[in-house]
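Down below is the structure, laid out as structure tokens.
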Amino acid sequence: MLEFIKQPWHWSIAGIFIGLTVPVLLIIGNKNFGISSSLRHLCAACIPANIPLFKYNWKNEMWNLFFVVGVLLGGFIGTFWLGNDAEIQIAQSTIDDLRVLGVSDFSNLMPADIFSFDNLFTLKGLFFFVIGGFLVGFGTRYAGGCTSGHSIMGLASLQWPSLVATIFFMLGGFAMTHFGLPLIFNLINK
Amino acid sequence: MKEDKNPVCDAPNELIQKESFLSNIKYLIVGTLFGIVFVKAEIISWFRIQEMFRMQSFHMYGVIGTAVVVGMISLFIIKKFNITTLNGEEIVIAKKPFSKGVIYGGFMFGLGWAITGACPGPLFAQIGSGYLVVIVTFLSAMAGTWTYGLLQKSLPH
């Protein structure tokens with residue numbers, strides 16, 4: 001059984017589990033699924049600075065912070081207790097494209113040539129950690145949700161603003177992948 | 001099932017009954033299972049996100065598509081059979097308001113998603129998986145959320 005769980009999971013299994021999060025959270029406590037809210041609650045709890053967006057009773061939304069701490073723990077358990085040593089199977093065409101850009105390590109879930117502390121105070125770190133993270137935090141709040149809040153909860157409840165949001169998430173991603181990343185890699189590989 | 005037209009945030013707690021601090025543990029458990037799925041289906045992988053935006057694999061489209069369909073069917077069943085919460089309250093779905101921010105913010109998030117290979121959920125799971133440098137990405141995401149709060153009034157909505 002454990003050996004079975006340790007294999008990488010099929011997309012349909014993951015999709016079913018993630019989809020079921022929506023009714024499970026509603027039924028156990030009337031909670032609407034969404035993860036980017038946690039960033040707002042953390043701002044409201046730590047650095048509200050009298051900003052209207054952070055003036056609300058964040059303590060009543062504490063469940064969301066418990067949820068994301070769970071996601072972090074789950075990341076640990078999934079990697080260190082339920083992990084396997086097999087290399088990730090990425091599409092050959094993606095590997096070829098990324099090699100052209102200068103990515104050379106394809107053995108783990110994340111490319112070691114980018115996501116390491118050695119790159120923290122370099123141009124690479126500035127783009128991949130600082131600017132990337134900033135866009136995620138700023139963009140999700142400006143859009144009123146992320147992949148979970150809009151693309152899953154919002155689409156599942158048939159709300160058209162979430163469809164618009166999802167379309168623009170994808171457009172932003174396509175633009176960065178095909179136009180932005182080549183420029184960024186060109187800059188950092190110099 | 002009813003709608004909350006003016007939710008306090010995009011993923012609100014709609015339970016009327018007060019919960020103790022410790023009763024929040026159940027959300028931690030759901031989150032943990034969620035995090036395990038994120039890792040085991042490689043959703044937290046920067047490479048999987050690249051495959052998706054290069055349209056070179058069906059994997060992420062399959063995950064998100066299945067999740068939406070399962071969520072949709074679940075909500076249909078909740079509505080159809082008037083399913084309530086465990087303590088008998090009517091289930092409430094928060095309305096997603098539209099503004100131009102959905103377009104501008106959505107596009108900005110998409111740019112960031114392709115750079116970091118993570119939406120907010122996977123950020124937490126990546127840190128748990130031992131990619132500790134992602135703590136920097138996470139702190140920068142918090143700074144982004146905070147900066148949005150600061151500039152909110154002067155941005156187009």
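Reminder, nothing fancy here: chain letters follow the sequence lines and each chain counts from 1. Here the structure is a predicted model, which means the values were calculated and not measured.
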L26(A) versus chain B, the contacting section by heavy-atom distance below 4.5 Å: both
CD-NZ distance between E19(B) and K31(A), expressed to the nearest 0.5 angstrom: 3.5 Å
With a 4.5 angstrom heavy-atom cut-off, which part of F33(A) approaches chain B: side chain, backbone, both or neither? both
How are the rings of F109(B) and F169(A) set to each other: parallel, tilted or perpendicular (split at 30° and 60°)? perpendicular
Need one label for N64(A): side chain, backbone, both or neither, based on atoms under 4.5 Å from any heavy atom in chain B. side chain
What class does the angle between the rings of Y104(B) and Y142(A) fall in, given that below 30° is parallel, 30 to 60° is tilted and above 60° is perpendicular? tilted
I want to check something: taking the side chain as every heavy atom from C-beta on, are Q126(B) and L109(A) in contact at a cut-off of under 4.5 Å? no
Checking F117(A) against chain B: side chain, backbone, both or neither under 4.5 Å from a heavy atom? both
Just so I know, are the side chains of R48(B) and I88(A) near enough to count as touching, which here means a heavy-atom distance under 4.5 Å? yes
Identify which one of L33(B), V30(B), V70(B) satisfies the side chain to side chain contact (heavy atoms under 4.5 Å, CB included) criterion when paired with T21(A). V30(B)
For Y148(B), which of F54(A), F134(A), F138(A) qualifies under ring-ring contact (aromatic ring centres under 6.0 Å, His included)? F138(A)
With a 4.5 angstrom heavy-atom cut-off, could you sort out which part of I43(B) is near chain A: side chain, backbone, both or neither? side chain
Does a donor on one side chain sit under 3.5 Å from an acceptor on the other, for T94(A) and Q56(B)? yes
With a 4.5 Å heavy-atom cut-off, do P111(A) and W46(B) have their side chains touching? yes
As a test of understanding, state which of L158(A), N32(A), N30(A), V22(A) forms a side chain to side chain contact (heavy atoms under 4.5 Å, CB included) with I93(B). N32(A)
Non-hydrogen atoms of chain A under 4.5 Å away: do they reach the side chain of L75(B), the backbone, both or neither? side chain
Honestly, the part of Q7(A) sitting under 4.5 Å from a heavy atom of chain B is backbone
